[in-house]
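First the structure, in the form of structure tokens, and then the observations on it.
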2 protein chains.
Amino acid sequence: MSNIKDIAKLAGVSITTVSRVLNNHPYVKDEKRKKVLQVIEELNYQQNVNAIHLVKGKTFMLGVILPYADHPFFQSIVGGIIQAAASNKIAVVICPTNYSQIEELKYLEMLKKKQVDGIIICSRANKWEVILPFAEYGSLVACELTEEISCAYTDHYDAFSSALNFLIEKGHKSIGYSVARIDSTSSKTRFSAYHDVLTKNNLPINESFIFSDCLDIEDGKRIVKELIRLKERPTALLVTGDGVAAGVLLQAKVEGIHVPDELSIIGFDNQPFSEALELTTIDQHLKEIGETAFDLFLHGKQQKICVPFEMVVRKTVSKL
Amino acid sequence: MSNIKDIAKLAGVSITTVSRVLNNHPYVKDEKRKKVLQVIEELNYQQNVNAIHLVKGKTFMLGVILPYADHPFFQSIVGGIIQAAASNKIAVVICPTNYSQIEELKYLEMLKKKQVDGIIICSRANKWEVILPFAEYGSLVACELTEEISCAYTDHYDAFSSALNFLIEKGHKSIGYSVARIDSTSSKTRFSAYHDVLTKNNLPINESFIFSDCLDIEDGKRIVKELIRLKERPTALLVTGDGVAAGVLLQAKVEGIHVPDELSIIGFDNQPFSEALELTTIDQHLKEIGETAFDLFLHGKQQKICVPFEMVVRKTVSKL
DNA sequence: CTGAAAGCGCTTACAG
DNA sequence: CTGAAAGCGCTTACAG
């Protein structure tokens, strides 16, 4: 590959001038500009971005930290980020941690190494106190509500309460739910909502109705298998995500449990296939969360933006 | 941020020595190594990767070209690529083209700009003749069968023929199908298979049974809406992907068409939710295609690897 | 085992 | 409008 020096020599100008035409600076005599452009064309020249990145201290790249690159929940957020990034000429590199703190830390180091200008954290393995120091080296944005940095988030308390109230209004008194990691911030928030809403309605809280580590269709099946062993069963389930809900639906059919007559289900995320499953679900507008997070990164605004959720009522909840 | 010079000064050695300990070279006196390591620790130093990339002419980054970042088909392939890349310390940047030739070209230029070491092309907008010249600047891998470069692919002719034969064995004589872009290579291949298998079985080819531009659930609904207008209808449909199939299922229910009794359906991709839909589908092992493509990139092997598909029989095909 | 020096390919004051 | 020179932060022969 030819470099800026080759161009300069062949065009009979200095590399400064070449750089100027490359960057569309004014004050280059038209004649020289044309000559330079012509040589660039002839040599099929392209700038080496690594040199530019080094000199500018910026890369126009953005890292996205998430646990699983192949989970629909994160794919939806990432979809929003990537689309927004593409229209702003920012390259996105996907950083799957599998919730390993070590891996996550390595990705955060990309900031110090000047590999990326910023990082959007979709979900994290480390505590904020270990993540925050990295904000010094670039822009950090979260997809959960947090004191410390900019974020685009769902109000999980509100969303979960709404779903709960929806079920209670339908006459359900015995409600279970599932979460992913039991000790995650959002799981704790959900438990608060669960506790508060049930207490307010004088409904008993049954811890055996809470299922953890539920991420995908197989976990959904497991929920139903565990459910049928219970002496007392919930009449409704608030499920982590639509993938899990699909598993619940599937296994319920296997076990001869009729949905929604014997078991009502509300999912989360409103994935495209949920419509085909006729699943009642809470749409958190994940794509919009991604787009908003990107915007926060791009403009370096210090803001906390709550993205509204939406209840999508279909056919998996019955009136008792 | 401190740089290698600072470290050298504080440790009382040359930058060469610092570079040596940074890169785990032998031949550094233990005492100096320790001192350097200590200063690095103190200053919380990290190498600037842009300088390294510049000097080495490599970035350990990989671009992935695809039309839509939010389509399950591509997400599955990308999932495989990212996972394989992560365990090999390669960063992946996602490049959504929306099938714009211009955009695709810009992404290919990343190779010339030394931004990435290679590119995996999941699906392309440009002709091979415009893409191939870029192979000079880095490693190019395709996810479709192609003469010119390494590839990990599905034998679409075989897969499509198998599905067709499966339906014919069940007694279907009137079979339709859908594709995404009508003039894509794989669509042409599918038409060949369709033509050949039907002809071999003395079955008529009905062009009005071919639906194009089918990508998602909405397109699936459209298929059914178009279907019911036909004087003569197919008894079975081979659908582009499971998302489209979900739409067909949904709209069939709306129109009161019973699946599979009145309409048999075979999807493609075996997405996680397909199980919940009880959809008969062809699993192309997309994740494996992604992993294989990555392997081809990493090892720079010049190979064409056919990834086997698999028919997953569930409940959307009836025996006539 | 160690370091001075050249080089990777750019950008950007600065001086004219 | 133009160019020489310094600098971005590294690696790597080369010489010792």
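Note on naming: letters A, B, ... go to the chains in the order of the sequence lines (proteins, then strands), and numbering restarts at 1 for each one.
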What is the separation between atom CD on B:Q47 and atom C1' on D:dT11, rounded to the nearest whole Å? 10 Å
Counting any heavy atom closer than 4.0 Å, what does B:L54 reach on the DNA or RNA strands: base, sugar-phosphate only, or nothing? base
If only side-chain N and O atoms count, and only distance matters, is there a donor-acceptor pair under 3.5 Å linking A:Q47 with B:K114? no
Counting only side-chain heavy atoms from C-beta out, which of D:dG9, D:dC10, C:dT11 sits nearest to A:I4? C:dT11
What is the separation between atom CG on A:N23 and atom P on D:dT2, rounded to the nearest whole Å? 16 Å
Side-chain N or O of B:N48 less than 4.0 angstrom from OP1 or OP2 on D:dC8? no
Does the structure show a Watson-Crick or G-U wobble partner for C:dA13, both distances under 3.5 Å? Name it, or say none. none
Are there over 12 heavy-atom neighbours, none belonging to A:K34, within less than 6.0 Å of that residue's NZ? no
Does C:dT11 have OP1 or OP2 sitting under 4.0 Å from an N or O in the side chain of A:S19? yes
Would you say A:N50 places a side-chain N or O within less than 4.0 Å of OP1 or OP2 belonging to C:dC8? no
Whole angstroms only, please: what is the OH-C1' distance between B:Y27 and C:dG3? 17 Å
Establish, yes or no, whether a centroid distance under 6.0 Å links the rings of A:Y99 and A:Y68. yes
Please tell me which of B:Y45 and A:S14 maps to the more 5' nucleotide of DNA chain D, matching each residue to the nucleotide holding its nearest heavy atom. A:S14
In whole angstrom, what separates B:F60's CZ from D:dC10's C1'? 14 Å
Measure from the side chain of A:T16, starting at C-beta and using heavy atoms only, and say which of C:dG3, C:dG9, D:dA4 lies closest. D:dA4
Would you call the rings of A:F294 and A:F297 parallel, tilted or perpendicular, taking 30° and 60° as the class edges? tilted
A:D30 CG to D:dC1 P, straight-line distance once rounded to whole Å: 9 Å
Donor-acceptor side-chain pairing of B:E109 and A:Q46 below 3.5 angstrom: yes
When you check the side-chain N and O atoms of A:R124 and A:T146, is any donor under 3.5 Å from an acceptor? no
Quick one: is A:K32 getting a side-chain N or O under 4.0 Å of the D:dT2 phosphate, OP1 or OP2? yes
From CD1 of B:I7 across to P of D:dG9 the rounded distance in Å is 12 Å
Hey, does the side chain of A:Q46 come within less than 4.0 Å of C:dG9's phosphate (OP1/OP2), counting only N and O? no
Among C:dG3, C:dC10, D:dT11, which is the nearest nucleotide to the side chain of A:I15? C:dC10
By the Watson-Crick or G-U definition, both distances under 3.5 Å, D:dA4 is matched with none
A:K58 has an atom NZ; how far is it from atom P of C:dT11, in whole Å? 15 Å
Have a look at A:V28 and say if it touches a base, only the backbone sugar-phosphate, or nothing, with a 4.0 Å heavy-atom cut-off. sugar-phosphate
Here's a test of your reading of the structure: between A:K56 and A:N3, which maps to the more 5' nucleotide of DNA chain C? A:N3
What's the NZ-P distance between B:K5 and D:dA6, to the nearest Å? 13 Å
